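Each chain gets a letter, A, B and so on, in the order its sequence line appears, and its residues count up from 1. Predicted model, so just to flag it, every value in this text is computed and none were measured. Quick note: numbers below take in every heavy atom, side chains included, and nothing from hydrogens, waters or symmetry partners.
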Amino acid sequence: MAELDAEDEADEHDLPDLPNADDYDDIRLRAAPNPNGPWHLGHARMPSVIGTYKERYDGAFVVRFDDTDPETKRPDLDAYDEILDAIEYLGFEPDEVIRASDRLETYYDHARELIDLGGAYTCSCPQGEFSDMKNSGEACPHRDKDPETTREEFEAMMDGEYSAGEKVLRVKTDIEHKNPALRDWVAFRMIDTPHPREEASEYRCWPMLDFQSGIDDHLTGISHIIRGIDLQDSAKRQRFVYDYFDWEYPEVIHWGHVQVDAYDVSMSTSTIKEQIEAGELDGWDDPRAPTLASLRRRGIRGQAIVDAMVGLGTSTSNVDLAMSSIYANNRDMIDEDTDRAFLVRDGERFVVEGGPDAGHPPVHPNHEDRGERDIPVDEAVLLEPDDAPADGERVWLKGYGPVRREGDALEFTDDDIDVVRDGDVDVIHWVPADESQPLRLRTMDGDVSGHAEPGITDYDPDAMVQFERIGFARIDRHEDDETVAYYAHQ
RNA sequence: GCUCCGAUGGUGUAGUCCGGCCAAUCAUAUUGCCCUCUCACGGCAAUGACCAGGGUUCGAAUCCCUGUCGGAGCACCA
């Protein structure tokens with residue numbers, strides 16, 4: 001029975017089981033973002049995966065803002081909430097939200113304890129000199145100072161009595177460790193720039209990621225850490241601290257980098273920020289930006305992203321995410337519910353002679369019960385240049401009927417729909433020339449101008465429509481002179 | 001230079017721990033056909049992969065070795 005259940009479980013989930021999950025009473029996972037800007041698409045992977053695990057193991061989802069560098073990776077005060085919004089957009093609700101910059105005293109307490117255990121020493125070696133000694137396996141002269149001296153100097157660090165670069169606290173690991181990356185790493189350093197959060201603005205002695213994160217993971221009861229391969233050595237470094245404190249290190253999963261196709265722009269917070277400042281992008285939700293805010297505005301459901309991210313699994317090799325998989329997920333979720341509409345780009349005007357005064361295409365081809373649209377045809381229509389028939393040729397205006405081009409006019413013919421079924425006549429979309437609604441479609445490749453059928457103004461902002469033969473789009477707003485929509489995907 | 005890690009079709013993934021059920025799963029992509037008053041949805045079909053070479057074995061995607069390629073760390077960034 002248990003075996004059967006286990007097999008069913010495995011079939012239902014794309015992600016592998018968490019390692020040694022049975023050894024933990026509570027499965028607790030954390031996302032530890034640096035709030036230095038809104039999230040791009042790649043950031044969605046962590047909440048997608050740990051949120052999925054949380055649901056599967058009935059665990060906890062902790063968001064911990066690792067905002068311990070007020071200078072080089074200076075936090076953006078808006079980003080804290082923007083990141084929480086992004087997580088909500090993806091469909092998850094964190095069980096706990098904490099900020100490292102609120103917890104300095106906790107890190108200090110543990111540093112004191114570590115010093116007393118003989119596991120750390122203050123060091124004033126210039127960076128380069130220490131690096132040289134370390135790389136040749138030599139201890140620096142500060143390594144053997146007694147804990148009392150270190151305590152005094154660390155207290156002075158905490159009191160802000162040193163400037164940046166003058167003093168650090170190092171964890172005493174193994175100066176001859178075969179992996180140079182693990183030798184006596186820095187736990188605390190001085191930063192002159194005040195933290196942007198008022199609550200933390202007085203602190204000058206800041207922990208490095210490996211110390212802060214290691215302490216917090218233990219204190220918050222994290223059972224499984226998921227992080228990138230760039231942090232492969234972190235666990236090894238932190239284990240030295242865990243050993244001093246006699247703590248058990250959580251399970252760790254390392255995954256590779258994600259690259260996303262379909263974007264020309266860089267998937268980097270700082271690069272996007274620069275492009276916005278330079279005016280190359282309108283903002284974080286510019287349709288050309290590879291950000292979650294952008295996808296959201298384009299009408300991509302968070303779940304479509306989550307499913308794609310979960311599908312990537314957690315392997316240590318680098319992976320390429322195909323946007324088409326997000327689009328396929330999204331299309332699958334919205335197609336049945338999304339009304340159809342006509343949009344003609346770069347419309348070419350043709351007078352219509354002899355036909356009825358309106359066209360009535362269905363609201364949704366698979367659901368007759370949803371009714372049909374009513375699109376007036378006064379005297380002329382707009383067609384996309386590529387669709388316009390050659391002189392003498394016929395085309396079927398969808399929901400209206402067959403016409404034959406005669407010069408600049410389209411003459412209604414009495415052809416039966418069989419001419420379409422036989423493949424002789426193409427079905428195309430159209431809009432009335434004079435009563436249509438100007439519409440700007442914002443796409444990844446720039447804005448496209450066109451005219452939509454008049455009924456488009458009935459849709460509230462945030463509604464999705466499928467512009468037939470063009471693709472799905474989200475109605476963003478109706479302005480005085482035009483409607484603005486964001487293109488999602490085909 | 002030192003230390004780690006990885007390699008299944010265009011993309012992602014299953015299988016690798018415990019070798020045979022794998023002439024390799026599923027999804028996506030592309031192409032073709034069917035359906036259709038959309039180039040959507042749906043249906044059908046096709047395309048396409050175990051990095052290379054040795055070894056162990058009756059048998060290797062799976063175990064071992066070497067090589068190749070790729071990634072990461074050796075920061076007072078996260």
For Asn366(A) and for Gly313(A), find the nucleotide of RNA chain B with the closest heavy atom, then tell me which residue's nucleotide is more 5'.
Gly313(A)
Expressed in angstrom and rounded to an integer, what is the separation of His367(A) atom NE2 from U36(B) atom C1'?
14 Å
Side chain of Lys178(A) - closest among U3(B), A29(B), C76(B):
U3(B)
Here's one to test your reading of the geometry: is the NZ or CZ of Arg170(A) within 45 degrees of the ring axis of Phe130(A) and under 6.0 Å from its centre?
yes
Quick one: label Cys123(A) by what it contacts on the DNA or RNA (base, sugar-phosphate, nothing), any heavy atom closer than 4.0 Å.
nothing
For the side chain of Pro180(A), starting at C-beta, report the closest nucleotide among G73(B), A29(B), C37(B).
G73(B)
Base, sugar-phosphate or nothing for His257(A)? Non-hydrogen atoms, less than 4.0 Å.
sugar-phosphate
If you measure from the P atom in C69(B) to the same atom in A23(B), how many Å do you get, rounded?
32 Å
What nucleic acid atoms does Lys236(A) come within less than 4.0 Å of, heavy atoms only: base, sugar-phosphate, or nothing?
sugar-phosphate
Between U30(B) and G20(B), how far is it from one C1' atom to the other, in whole Å?
35 Å
Name the nucleic acid region contacted by Phe188(A), choosing base, sugar-phosphate or nothing; use a 4.0 angstrom heavy-atom cut-off, strictly under.
nothing
If we call it a pair only when both distances are under 3.5 Å in a Watson-Crick or G-U wobble match, what pairs with C37(B)?
none
Using Watson-Crick geometry (N1-N3 plus N6-O4 or O6-N4) or G-U wobble (N1-O2, O6-N3), each under 3.5 Å, C4(B) is paired with G71(B)
Do the side chains of Asp17(A) and Arg56(A) get close enough for a salt bridge, i.e. N-O under 4.0 angstrom?
yes
Do NZ/NE/NH1/NH2 and the carboxylate oxygens of Lys167(A) and Glu161(A) come within less than 4.0 Å?
no
Provide the distance between the two P atoms, one in C35(B) and one in A49(B), to the nearest whole Å.
32 Å
Of the listed C39(B), C37(B), U28(B), the closest approach to the Val420(A) side chain comes from C37(B)
Could you state the atom-to-atom distance from CE of Met208(A) to C1' of A75(B) in whole Å?
6 Å
Looking only at atom P, what distance separates G1(B) and A61(B), rounded to whole Å?
35 Å
Checking only heavy atoms, does the side chain of Lys398(A) share a donor-acceptor pair with the base of C37(B) at less than 3.5 Å?
no
Within this structure, what is the CH2-to-C1' distance between Trp430(A) and U38(B), rounded to whole angstrom?
14 Å
Measure the distance from CH2 on Trp396(A) to P on U36(B) and round it to the nearest whole Å.
14 Å
Selection from G71(B), C41(B), C76(B) that lies nearest to any side-chain heavy atom of Asn318(A)
G71(B)
Which whole number of Å gives the distance between the C1' atom of C51(B) and that of G9(B)?
14 Å
Just checking Val168(A): base, sugar-phosphate only, or nothing, at a heavy-atom cut-off of under 4.0 Å?
base
Distance between P atoms of C74(B) and U31(B) (Å, rounded)
45 Å
Nearest of G73(B), U38(B), C41(B) to any side-chain atom of Glu336(A)?
C41(B)
Output the single nucleotide from C37(B), C41(B), C5(B) whose closest atom is nearest the side chain of Gln232(A).
C5(B)
Does a donor on one side chain sit under 3.5 Å from an acceptor on the other, for Asn330(A) and His489(A)?
yes
Does any nucleotide pair with G20(B) by Watson-Crick or G-U wobble geometry, both distances under 3.5 Å, and what is it?
C58(B)
So what's A52(B) paired with, Watson-Crick or G-U wobble, going by both distances under 3.5 Å?
U66(B)
Which one, A78(B), U13(B), A72(B), comes nearest to the side chain of Asp66(A)?
A78(B)
Roughly how many Å is it from CG in Asn329(A) to C1' in U13(B), rounded to a whole number?
14 Å
Hey, does the side-chain of Arg340(A) have a donor or acceptor N/O within less than 3.5 Å of a partner on the base of A40(B)?
yes
Tell me, please, whether Phe342(A) has Arg373(A) positioned over its six-membered ring: NZ or CZ under 6.0 Å from the ring centre and within 45 degrees of its axis?
yes
Think Ser315(A) has a side-chain N or O under 4.0 angstrom from the OP1 or OP2 of G6(B)?
no
If U28(B) has a Watson-Crick or G-U wobble mate with both distances under 3.5 Å, name it; if not, just say none.
G10(B)
Donor-acceptor contact present, side-chain Arg340(A) to main-chain Thr338(A), <3.5 Å
yes
How would you label the contact of Asn135(A) with the nucleic acid (heavy atoms, under 4.0 Å): base, sugar-phosphate, or nothing?
sugar-phosphate
Whole-Å gap separating P (C2(B)) and CG (Asp233(A))
16 Å
Think Arg45(A) forms a cation-pi with Trp255(A), using NZ or CZ under 6.0 Å from the six-ring centre and within 45 degrees of its axis?
yes
Between Gly399(A) and Ala322(A), which is nearer to the 5' end of RNA chain B once each is assigned its nearest nucleotide?
Ala322(A)
Using a 4.0 Å heavy-atom cut-off across all strands, classify Pro362(A) as base, sugar-phosphate, or nothing.
nothing
Consider the side chain of Arg170(A), meaning its heavy atoms from C-beta on, and name the nucleotide among C76(B), U38(B), G12(B) that approaches it most closely.
C76(B)
Hey, does Ile417(A) reach any base, or is it just sugar-phosphate, or nothing, if we go heavy atoms under 4.0 Å?
base
Reference residue Arg469(A); test salt bridge (Lys or Arg N to Asp or Glu O under 4.0 Å); the match among Asp387(A), Asp386(A), Asp426(A):
Asp387(A)
Look at Gln127(A) and C76(B) and indicate whether a side-chain polar atom (N or O) is within less than 4.0 Å of OP1 or OP2.
yes
Closest approach to the side chain of Thr68(A), judged atom by atom: which nucleotide of A78(B), C37(B), A75(B) is it?
A78(B)
Under 4.0 Å, counting only non-hydrogen atoms across every strand here, what does Leu209(A) touch: a base, just sugar-phosphate, or nothing?
base
From CE of Met464(A) across to P of C41(B) the rounded distance in Å is 14 Å
Could you measure between the two P atoms, the one in A45(B) and the one in A27(B), and give it in whole Å?
12 Å
Please report, rounded to the nearest Å, how far the P atom of G73(B) is from the CG atom of Leu231(A).
9 Å
Separation of the C1' atoms in C50(B) and G15(B), to the nearest angstrom:
10 Å
Mark yes when over 12 heavy atoms from residues, nucleotides or ligands other than Gln259(A) sit less than 6.0 Å from its CD; otherwise mark no.
no
With respect to the side chain of Lys134(A), which nucleotide from U13(B), C76(B), A75(B) is positioned closest?
A75(B)
Less than 4.0 angstrom between a side-chain N/O of Arg189(A) and OP1 or OP2 of A78(B), yes or no?
yes
So, is Arg421(A) close to the C37(B) phosphate, meaning a side-chain N or O under 4.0 Å from OP1 or OP2?
yes
Is Ser213(A) touching bases, backbone alone, or none of the nucleic acid, heavy atoms closer than 4.0 Å?
nothing
For Gln238(A) and Gly214(A) the tightest heavy-atom approach is NE2-N, 3.3 Å
